[in-house]
Amino acid sequence: MDKFPVIAQAGASQPNNIQQHESSIQPSAPQRVGNDFDVRMMQRCLELARRALGRTSPNPLVGAVVVKDGEIVGEGFHPRAGEPHAEVFALRAAGELARGATVYVNLEPCNHYGRTPPCSEALIAAGVAKVVVGMVDPNPLVGGGGIERLRGAGVEVLVGVEMAACQQLNEGFVHRIVHKKPLGILKYAMTLDGKIATTSGHSAWVTNPSARGEVHQLRAACDAVIVGGNTVRRDNPYLTSHQEGVHNPLRVVMSRQLDLPVDAHLWETAEAPTLVLTQVGANPDFQKLLQQKGVEIVELASLTPKTVMSHLYDRGFCSVLWECGGTLAASAIAQGAVQKILAFIAPKIIGGSHAPTPVGDLGFDTMTEALILERVRWRVVGSDCLVEGYLPSLNP
Ligand SMILES: Nc1nc(O)c(N)c(N[C@@H]2O[C@H](COP(=O)(O)O)[C@@H](O)[C@H]2O)n1
Ligand SMILES: [Zn+2]
């Protein structure tokens with residue numbers, strides 16, 4: 001078993017309805033559920049689900065597989081909100097072979113009329129004999145109801161195969177549903193002596209190319225990536241996933257004064273949309289200029305990490321990546337806009353007592369106030385090390 005199992009953000013502070021479902025129908029980790037074949041099929045579901053990475057919000061990433069006599073006879077995944085769910089695509093692919101078959105799906109089949117009709121009914125109508133589910137749906141409109149409906153119709157249901165991996169894949173969706181805001185991920189790259197740039201501001205590059213490739217993949221999995229005006233002025237980033245045909249997140253700039261360069265890459269490149277969030281009445285001429293370049297501008301009454309996350313929640317986002325400097329990172333942490341940290345550490349020393357660090361002032365005086373990450377794991381990426389963990393759940 002993984003030495004540092006990563007369990008979805010939902011773990012510590014789920015609302016009561018989910019805890020009840022966990023105790024009644026969802027076995028608690030780390031108990032293994034299912035046999036080797038079940039595990040393989042669930043991993044196939046996760047692989048299929050990932051084909052829509054970054055494109056399904058506010059909906060989850062879901063893949064489904066129909067198995068008859070030990071053979072896969074149908075597969076599908078949920079491509080985006082508003083389109084049919086994974087189970088429906090898999091059932092369509094299986095056709096009549098679905099009768100008496102086992103369906104694997106990484107999320108409990110829905111049991112409600114949303115943008116699409118309930119999958120529980122589609123599975124029952126198709127005559128499937130068994131459904132193997134990765135995790136219970138935290139959506140209160142579903143929350144165990146899909147499983148109960150299937151069981152009530154005589155379909156055998158097994159819940160919890162590869163549950164930790166299923167929760168991990170949809171941690172943004174789970175966080176959005178449970179906490180009514182997107183999951184905030186703070187990513188930074190620093191040297192071994194804790195600097196994100198030299199004293200003069202030079203930062204290209206702290207990390208090695210493999211680590212930068214990981215960052216591009218991370219962007220592909222997120223709905224938005226946020227920077228502050230300072231990062232635009234100093235680094236002039238692209239903030240894309242740098243891969244043909246792969247999802248790009250919405251590029252978000254937070255700027256109170258709109259004192260930004262007229263020719264930044266963010267508004268001179270068309271691969272991804274850009275949104276500038278500012279304060280009411282800020283620099284109308286610059287607003288006009290950006291709009292002419294195709295940039296969306298939204299004025300917020302108060303521009304803070306908290307109001308920004310609330311705006312992004314309203315847009316239907318599940319996962320938001322903070323790629324900002326230390327000052328904005330500190331206020332994002334302080335305001336509960338960050339739950340997960342990804343820190344790339346390069347084996348380099350650049351010194352400089354005034355060189356910038358990844359997190360600015362949090363107002364802590366003593367070590368006892370330190371935010372101690374939970375569910376920490378680390379791995380080597382090229383010549384760098386990636387440390388990953390979650391902020392204490394007092395800050396959901
Ligand atoms: N089991 C399952 N498979 C899918 O492919 C899904 N997209 C979902 N989503 C659940 O249903 C809600 C969305 O419903 P509509 O797309 O609006 O009909 C979503 O919030 C999940 O709870 N589930
Ligand atoms: Zn469904």
Side-chain angles (χ1 to χ4, degrees), residues 49-59 61 77-83 169 172-173 182-189 196 203-255 258-278 286-298 308-309 311-325 328 342 344 381-382:
R50 276 191 209 100
R51 291 192 186 167
L53 211 57
R55 301 184 205 271
T56 57
S57 294
N59 277 3
L61 288 159
F77 65 94
H78 181 53
R80 64 184 70 236
E83 296 206 24
L169 182 70
F173 168 75
L183 179 75
I185 304 165
L186 171 64
K187 169 253 133 192
Y188 55 81
I196 57 171
S203 63
W205 298 99
V206 171
T207 49
N208 76 88
S210 313
R212 298 205 292 278
E214 289 254 342
V215 171
H216 299 157
Q217 285 175 33
L218 183 63
R219 287 179 190 156
C222 288
D223 298 309
V225 51
I226 307 182
V227 293
N230 276 340
T231 299
V232 180
R233 285 185 290 270
R234 283 187 200 146
D235 298 348
N236 195 14
Y238 288 89
L239 303 178
T240 57
S241 47
H242 293 274
Q243 276 176 74
E244 197 66 23
V246 169
H247 165 77
N248 278 309
L250 175 68
R251 305 180 290 188
V252 181
V253 180
M254 285 175 67
S255 173
L258 291 182
D259 44 352
L260 299 166
V262 284
D263 55 355
H265 289 141
L266 291 179
W267 19 99
E268 298 301 332
T269 55
E271 299 101 287
T274 302
L275 164 69
V276 172
L277 295 174
T278 189
F286 193 72
Q287 286 201 29
K288 235 174 261 154
L289 187 135
L290 286 187
Q291 275 160 343
Q292 280 160 5
K293 289 174 187 268
V295 174
E296 181 186 355
I297 317 258
V298 172
V308 166
M309 288 303 258
H311 175 78
L312 297 179
Y313 174 79
D314 292 343
R315 289 175 88 111
F317 290 0
C318 292
S319 305
V320 167
L321 187 61
W322 291 87
E323 287 204 44
C324 52
L328 185 51
L342 294 177
F344 289 91
V381 183

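Values below: all heavy atoms of this structure, side chains included; hydrogens, waters and symmetry mates excluded.
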Not counting sequence neighbours, which residues clear ring-ring contact (aromatic ring centres under 6.0 Å, His included) with Tyr188? List them please. none
Go through it in stages, so that I can follow the logic: the residues are Lys187 and Val215, the test is side chain to side chain contact (heavy atoms under 4.5 Å, CB included), and I'd like the CA-CA distance, side-chain angles, deciding distance and then a yes or no. CA-CA 8 Å; Lys187 169 253 133 192; Val215 171; 3.8 Å; yes
What's the separation between atom OG1 in Thr231 and atom CD1 in Ile196, rounded to the nearest 0.5 Å? 7.5 Å
Any heavy-atom pair between the side chains of His311 and Phe317 that's under 4.5 Å? no
Quick one, Leu218 and Leu321 - any side-chain contact, counting heavy atoms below 4.5 Å? yes
Would you sort out whether Leu312 and Ile226 count as a side chain to side chain contact (heavy atoms under 4.5 Å, CB included), showing the intermediate values? CA-CA 11 Å; Leu312 297 179; Ile226 307 182; 3.9 Å; yes
Would a 4.5 Å heavy-atom cut-off, applied to side chains only, mark Ile185 and Trp322 as touching? no
The reported gap from CD in Gln243 to CD in Glu271 (rounded to nearest 0.5 angstrom) is 12.5 Å
Asp235 side chain vs Pro237 backbone, donor-acceptor pair below 3.5 Å: no
4.5 Å side-chain heavy-atom contact, Thr56 and Phe77: no
Any residue meeting side chain to side chain contact (heavy atoms under 4.5 Å, CB included) with Ser57, in chain and number order, not counting sequence neighbours: Asp223, Cys318
Does the Arg219 side chain pair with the main chain of Thr240, one donor and one acceptor, at a distance under 3.5 Å? yes
Closest non-hydrogen contact found for Pro182 with Ser319 is CB-N, 4.3 Å
Is Thr278 reaching over with its side chain to a backbone N or O of Leu258, donor-acceptor style, under 3.5 angstrom? no
Donor-acceptor check, side chain of Asn208 to backbone of Val381, threshold 3.5 angstrom: yes or no? yes
Report the distance from atom OG1 of Thr274 to atom NE2 of His265, rounding to the nearest 0.5 Å. 12.0 Å
Quick check: do Leu277 and Val252 have side-chain heavy atoms less than 4.5 Å from each other? yes
Leu186 to Cys324 - nearest heavy-atom pair and separation: CD1-SG, 4.4 Å
Within-4.5 Å side-chain heavy-atom neighbours: Asn59 and His78: yes
Might you point out which heavy atoms bring Arg315 and Leu275 nearest each other, and give the distance in Å? NH1-CD2, 3.6 Å
Donor-acceptor check, side chain of Arg233 to backbone of Asp259, threshold 3.5 angstrom: yes or no? yes
Full working for side chain to side chain contact (heavy atoms under 4.5 Å, CB included) between Met254 and Leu328: CA-CA 9 Å; Met254 285 175 67; Leu328 185 51; 4.0 Å; yes
Salt bridge (charged side-chain N to carboxylate O under 4.0 Å, His left out): pairs with one or both residues in residues 204-216, sequence neighbours excluded: Glu214-Arg379
Is it the case that Thr269 and Arg251 place a side-chain donor and acceptor less than 3.5 Å from each other? yes
Examine distances only and state if a side-chain atom of Ser241 and a backbone atom of His247 form a donor-acceptor pair shorter than 3.5 Å. yes
Closest heavy-atom pair and its distance - Pro79, Ala52: O-CB, 3.7 Å
Is Tyr238 atom OH crowded by more than 12 heavy atoms from other residues, nucleotides or ligands, each under 6.0 Å away? no
Checking Leu183 against Phe173 for the side chain to side chain contact (heavy atoms under 4.5 Å, CB included) test, could you report, in this order, the C-alpha distance in whole Å, the side-chain angles of both residues, the deciding distance, and whether it holds? CA-CA 8 Å; Leu183 179 75; Phe173 168 75; over 6 Å; no
In terms of heavy-atom contacts, Asn248 and His242 come closest through OD1-N, 4.3 Å
Validation row: Ile297, Gln291 side chains within 4.5 angstrom (heavy atoms): yes
Pairwise side-chain contact, Val320 with Cys222, heavy-atom cut-off 4.5 Å (strictly under): no
Taking every non-hydrogen atom, the tightest pair across Phe344 and Thr207: CB-CG2, 3.7 Å
